[in-house]
Amino acid sequence: MPNIKQPEASHYINGQYVEDNAGTELVTRYPATGEVVASLYAATNSIVDHALTAADAARASWAAMTGSERGRILRKAADIIRERNRELSVLETLDTGKPLQETLVADAASGADCLEYFGAIAAGLTGEHIQLGKDFAYTIREPLGVCVGIGAWNYPIQIACWKAAPALACGNTLVFKPSEMTPLSALKLAEILTEAGLPDGVFNVIQGYGETGGALVDDSRVAKVSLTGSVPTGRKVYAAAAKGMKHVTMELGGKSPLLIFDDASLDDAVSAAINANFYSSGQICSNGTRVFVQKGILPEFLARVKERTQKAIIGDPLDEATNFGPMISQAQFDITLSYIQKGIDEGATLVLGGKAHHKGGLYVEPTIFSDVTDDMSIAREEIFGPVMSFLPFDTEEEALRRANDTEFGLAAGVFTSDLTRAHRVVAAFEAGTCWINTYNLTPIEMPFGGTKASGVGRENAKAAIEHYSELKSVYVGMGPVEAAF
Ligand SMILES: NC(=O)c1ccc[n+]([C@@H]2O[C@H](COP(=O)([O-])OP(=O)(O)OC[C@H]3O[C@@H](n4cnc5c(N)ncnc54)[C@H](O)[C@@H]3O)[C@@H](O)[C@H]2O)c1
Ligand SMILES: O=CCc1c[nH]c2ccc(O)cc12
């Protein structure tokens, strides 16, 4: 493991590192070997208050700057992230265990894209003029105030940027709490934003477990909460935010369907099914883990997926040849293996994998099940691990009914060469993000988010602006004012 410089302290508030070693210790380990990467402390009440006080104090002057001024800082931060992509990617690999081959292209890079995108549109965030005869109205687009971001562990810097960039572009300030399992890259983002010229207090990072997140959500100074996490956490955070009538964005879990029709380009569909289940060792919220395949092509499709999956290079995530890494944590490793056992016990056929990988560490083999039925646990519950389930279907109507028969609604995909069918199917999907003849592409220019239990609101694209600002309506009477008496 490369020697990484320990962060100067656990938290970043008001443009500088801050420590309070009265907090609970928070140790982050390299999932490939269990070696300690860094040792930090969770926020005490005083750190939570310090961060919120800083964000509240910075609010007025940040909101008073022009969009162009704010945008310039975000774009500069994007440039610095790109210059330091390798260093940030190594850090992300150490924290998450994801292959460097992935983090070099998907994590900080997506964060930079996001800062650049919102940096570019910041100057154009305006209200509108509404002519009403001789009277008129106009709207003023205002920031919400102090926002709180709470992150999951699978895409730490990407999640921090997907929240910070739109929040800051709209003139809000932010306190971000990364997942307790991946605390490091958000601190680097804070350093970079300061270097890019961000005024102190506008972006703050504090570490902690769920209770720190809870303390942030409950604070009366907070106007908005954006959570990326599981559905059970989402329910708690949404309920707590509702007490204070706060705005929310909820980016939660999923059990997304991927429908492969018999007229699909099989090579493309096989690649998509592999990406949709094994990229990041299956630890992606929008993964297409229920792969519905039309009966006629199922044997060949399954054979091709199996053959290609056997070529996965499982190894040290820091080796750029590795394309399949360990699970993030012992808990995620145990959960995944227990679902695999449930799959076997409930009668699915294990086609490939199914075991802890012989290399040791927290590796679970890429696993494929066929003969999966809709009622099985592996077809109903989010696993968040490398477990692909094949479900055969006969007709479009049947596939759609079964695809939608879930509490989740994050994402869905369809492979077919029949364009009419493709659009008909996505129109019927109960999911916030859909793909036709591809899967899991999440460019910043496209809104991302879920319906049903998978979430509320959208990240990225212009849609995110509506979730980080609100409109004040102003009616202008040009006279005279008439009254009944
Ligand atoms: N929709 C998306 O964009 C998206 C992206 C990535 C991950 N996810 C989902 O995230 C989950 C995996 O991440 P995880 O295990 O870190 O999720 P999690 O729900 O356990 O934790 C997420 C974050 O919430 C915090 N938290 C926990 N309890 C809290 C509480 N009561 N109040 C405030 N904060 C609290 C945690 O400390 C962590 O920072 C999966 O379900 C996955 O699908 C969703
Ligand atoms: O889980 C994090 C966000 C996300 C959802 N789908 C994808 C696909 C590829 C990524 O790099 C990130 C994500």
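First listed ligand is number 1; within each ligand, the first listed atom is number 1.
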Is it the case that the side chains of Y30 and D316 hold a donor-acceptor pair, with the cut-off being a distance below 3.5 Å and no angle test?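 Per modelled atom types, D316 and Y30 side chains form a pair under 3.5 Å.
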For [atom], closest protein heavy-atom neighbour:
atom: atom 13 (O) of ligand 1; answer: A152 CB, 3.3 Å
atom: atom 9 (C) of ligand 2; answer: N440 O, 3.6 Å
atom: atom 23 (C) of ligand 1; answer: G151 O, 3.3 Å
atom: atom 40 (C) of ligand 1; answer: E382 OE1, 3.4 Å

Less than 4.0 Å between a side-chain N and a carboxylate O, is that true for E320 and R86?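 Yes, this pair counts.
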Could you tell me if any non-hydrogen atom of S110 lies under 4.0 Å from any atom of ligand 2?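 No heavy atom of S110 comes that close to ligand 2.
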Between ligand 2 and Q158, can you find any atom pair, the residue atom being a heavy atom, that is separated by under 4.0 Å?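 Per 4.0 Å heavy-atom rule, Q158 contacts ligand 2.
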Would you mind telling me if ligand 2 is within reach of the side chain of I159, the backbone, both or neither, using heavy atoms under 4.0 Å?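 It is neither part, as no heavy atom is under 4.0 Å.
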Under 3.5 Å: N/O of S286 near N/O of ligand 2: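 Yes; at least one N/O pair falls below 3.5 Å.
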For ligand 2, find out whether one of its N or O atoms is nearer than 3.5 Å to an N or O atom of Y279.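 In this structure, Y279 places no N or O atom under 3.5 Å from an N or O of ligand 2.
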Aromatic ring centroids of Y117 and W162 under 6.0 Å?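 So the answer is no for these two rings.
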Does an N or O from N154, backbone or side chain, lie closer than 3.5 Å to an N or O of ligand 1?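 Checking ligand 1 against N154, no N or O pair falls under 3.5 Å apart.
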Is any N or O atom of T228, backbone or side chain, closer than 3.5 Å to an N or O atom of ligand 1?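 No, there is no polar N/O contact under 3.5 Å.
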If only atom types and distance count, is the side chain of S286 paired as donor or acceptor with the main-chain N or O of N440 below 3.5 Å?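 Absent.
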Does ligand 1 have an atom under 4.0 Å from some heavy atom of W162?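 W162 does not count as a contact of ligand 1 under the 4.0 Å cut-off.
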Going by heavy atoms, is L227 under 4.0 Å from ligand 1?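 Distance cut 4.0 Å: L227 passes for ligand 1.
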By number and element, which atoms of ligand 1 are closer than 4.0 Å to a non-hydrogen atom of S179?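 Going through ligand 1 atom by atom, the ones under 4.0 Å from S179 are 39 (O).
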When you measure from atom 2 (C) of ligand 2 to each heavy atom in Y439, Y155, W162, F448, which option holds the nearest one?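 Of the listed residues, Y155 has the closest heavy atom.
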Donor-acceptor pairs under 3.5 angstrom involving side-chain atoms of residues 21-29: please list them, not counting sequence neighbours.
{"unit_1": "E25", "atom_1": "OE2", "unit_2": "S39", "atom_2": "OG", "d": "2.8"}
{"unit_1": "T28", "atom_1": "OG1", "unit_2": "D95", "atom_2": "OD1", "d": "2.6"}
{"unit_1": "R29", "atom_1": "NH1", "unit_2": "G34", "atom_2": "O", "d": "3.0"}

